[in-house]
J.: 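Pasting a structure below so you can have a look.
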Amino acid sequence: QKEVEQNSGPLSVPEGAIASLNCTYSDRGSQSFFWYRQYSGKSPELIMSIYSNGDKEDGRFTAQLNKASQYVSLLIRDSQPSDSATYLCAKQGIQGAQKLVFGQGTRLTINP
Amino acid sequence: DTEVTQTPKHLVMGMTNKKSLKCEQHMGHRAMYWYKQKAKKPPELMFVYSYEKLSINESVPSRFSPECPNSSLLNLHLHALQPEDSALYLCASSALAVSTDTQYFGPGTRLTVL
């Protein structure tokens with residue numbers, strides 16, 4: 001079982017709708033989780049970090065963490081074409097806080 | 001300011017060349033990282049420097065040689081690379097916070113090995 005699993009997509013969402021991106025992880029001891037957005041040919045950009053169970057909101061973005069279910073999600077409200085990108089879920093690795101473990105990424109397309 | 005800079009943006013090199021990638025951060029971060037990313041794949045960790053000392057080497061071939069001259073600078077020296085080493089090379093930095101450490105990425109260097 002991979003440490004971090006994401007549906008690779010592509011996920012297609014109409015403009016203005018809510019995009020829901022999901023991620024599961026295998027190590028119950030993981031503490032810190034991150035969502036990065038990566039446009040084609042560019043580097044990953046931090047969107048959200050979450051460390052506690054529950055929801056964390058920042059503008060149109062909401063991250064949700066459920067440690068009992070080992071599940072992290074990212075909701076994007078009022079989706080815009082500029083949100084079209086690959087979204088990478090990551091967690092601090094088992095072997096130490098310095099090692100980020102990434103999922104394979106979900107490619108999101110927002111259709112005008 | 002969460003800026004990490006990398007030079008050059010693009011690099012084309014032959015298999016016999018020696019080149020270096022450079023990374024710089026001025027956020028006072030004490031950890032710096034090199035990642036390699038192939039197309040449609042997530043970043044793969046190569047090296048980690050903590051307090052200017054190499055703390056993680058992910059069994060990277062010796063043709064890649066990292067160097068951390070000071071807490072703000074990170075280099076990756078390249079020698080006798082193979083075409084399969086062509087990729088986006090990403091530098092990142094973090095503050096080394098105990099339990100909530102966050103890594104910030106630079107724009108990357110697109111490397112092509114001919």
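Here is the naming used below: chain letters follow the sequence lines, and residue numbers restart at 1 for every chain.
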J.: Taking A/Phe102 as the starting point, is it possible to reach B/Leu88 by hopping between hydrophobic residues whose side chains are less than 4.5 Å apart?
T.: yes
J.: May I ask you to check whether over 12 heavy atoms, not counting those of B/Lys19, lie within 6.0 Å of atom NZ?
T.: no
J.: Transitively linked via ILVMFWY side-chain contacts under 4.5 Å: B/Ile56 with B/Val60?
T.: no
J.: Contact part of B/Ser94 toward chain A, heavy-atom cut-off under 4.5 Å: side chain, backbone, both or neither?
T.: neither
J.: List in chain and number order the residues that pass side chain to side chain donor-acceptor pair (under 3.5 Å) with A/Thr109, two or more places apart in sequence or in another chain; answer none if no residue qualifies.
T.: none
J.: With a 4.5 Å limit on heavy-atom distance, are the side chains of B/Lys40 and A/Arg107 in contact?
T.: yes
J.: Under 4.5 Å from any heavy atom of chain A, what part of B/Gln6 do you find: side chain, backbone, both or neither?
T.: neither
J.: Sort by residue number and list every member of residues 35-49 of chain A having a non-hydrogen atom under 4.5 Å from chain B.
T.: A/Tyr36, A/Gln38, A/Gly41, A/Lys42, A/Ser43, A/Pro44, A/Leu46
J.: Ignoring hydrogens, what is the shortest heavy-atom contact between B/Asp101 and A/Phe34? Give both atom names and the distance.
T.: O-CZ, 3.1 Å
J.: Does the side chain of B/Pro43 reach to within under 4.5 Å of the side chain of A/Leu88, using non-hydrogen atoms?
T.: yes
J.: So, taking the atom named NZ in B/Lys41 and the one named OG1 in A/Thr86, what distance separates them when rounded to the nearest 0.5 Å?
T.: 12.5 Å
J.: Could you check whether atom NZ of B/Lys38 has more than 12 heavy atoms from other residues, nucleotides or ligands sitting under 6.0 Å from it?
T.: yes
J.: Check whether B/Trp34 and B/Val113 end up in the same hydrophobic cluster, where Ile, Leu, Val, Met, Phe, Trp and Tyr are linked by side-chain heavy atoms less than 4.5 Å apart.
T.: yes
J.: Is any side-chain heavy atom of B/Val48 closer than 4.5 Å to one of A/Lys99?
T.: no
J.: State yes or no: do A/Val13 and A/Leu74 share one hydrophobic cluster built from I, L, V, M, F, W and Y residues joined by side-chain heavy-atom distances below 4.5 Å, directly or via other members?
T.: yes
J.: When clusters are formed by joining ILVMFWY residues with side-chain heavy atoms under 4.5 Å apart, either directly or through shared neighbours, do B/Tyr33 and B/Leu76 land in the same one?
T.: no
